[in-house]
Amino acid sequence: MGKKGNGHIEKARAEIERLKARRRLDLIKILAALAAMMLILLGKPMLENAGIIEADNMVVNGAMWISAFILAIFAGSAGRDLSKCGRSIDEVRTRAGL
């Protein structure tokens with residue numbers, strides 16, 4: 001059982017490492033989406049003050065809110081995947097006895 005048991009543990013550790021890498025990627029996705037949302041929401045008033053875009057332009061306001069909404073959906077799905085990976089890591093650890 002020594003070789004068979006070690007192989008099972010090694011597969012479990014490899015699976016855990018793969019899931020941890022996915023979790024890190026999901027965390028990066030969340031942070032990138034939040035940074036992009038902040039850039040959009042804070043950059044618009046700066047561009048209006050500089051005179052680059054027209055203040056109170058409905059097209060610009062609509063594009064800003066739609067893009068922020070899409071980024072929020074992207075961050076939300078990455079957050080859901082992040083928690084799924086955490087549960088999967090716990091399940092693999094439990095099954096392997098780690």
Counting only pairs under 3.5 Å, give me each side-chain donor-acceptor contact of residues 81-92, with atom names and distances, residues two or more places apart or in other chains.
residue: Ser83; atom: OG; partner: Arg80; partner atom: O; Å: 2.9
residue: Ser88; atom: OG; partner: Lys84; partner atom: O; Å: 3.0

For residues 14-32, which side-chain N or O atoms pair as donor and acceptor with protein atoms under 3.5 Å away, sequence neighbours left out?
residue: Glu15; atom: OE1; partner: Arg18; partner atom: NE; Å: 3.4
residue: Glu15; atom: OE2; partner: Arg18; partner atom: NH2; Å: 2.6

ask   = Leu42: which other cluster members, linking ILVMFWY side chains closer than 4.5 Å, directly or transitively?
value = Met38
Could you pull out all donor-acceptor pairs under 3.5 Å where a side-chain atom in residues 59-75 meets a protein atom, sequence neighbours excluded?
residue: Asn61; atom: OD1; partner: Lys44; partner atom: NZ; Å: 2.8
residue: Asn61; atom: ND2; partner: Asn57; partner atom: O; Å: 3.4
residue: Ser67; atom: OG; partner: Ala63; partner atom: O; Å: 3.0
residue: Ser67; atom: OG; partner: Met64; partner atom: O; Å: 2.8

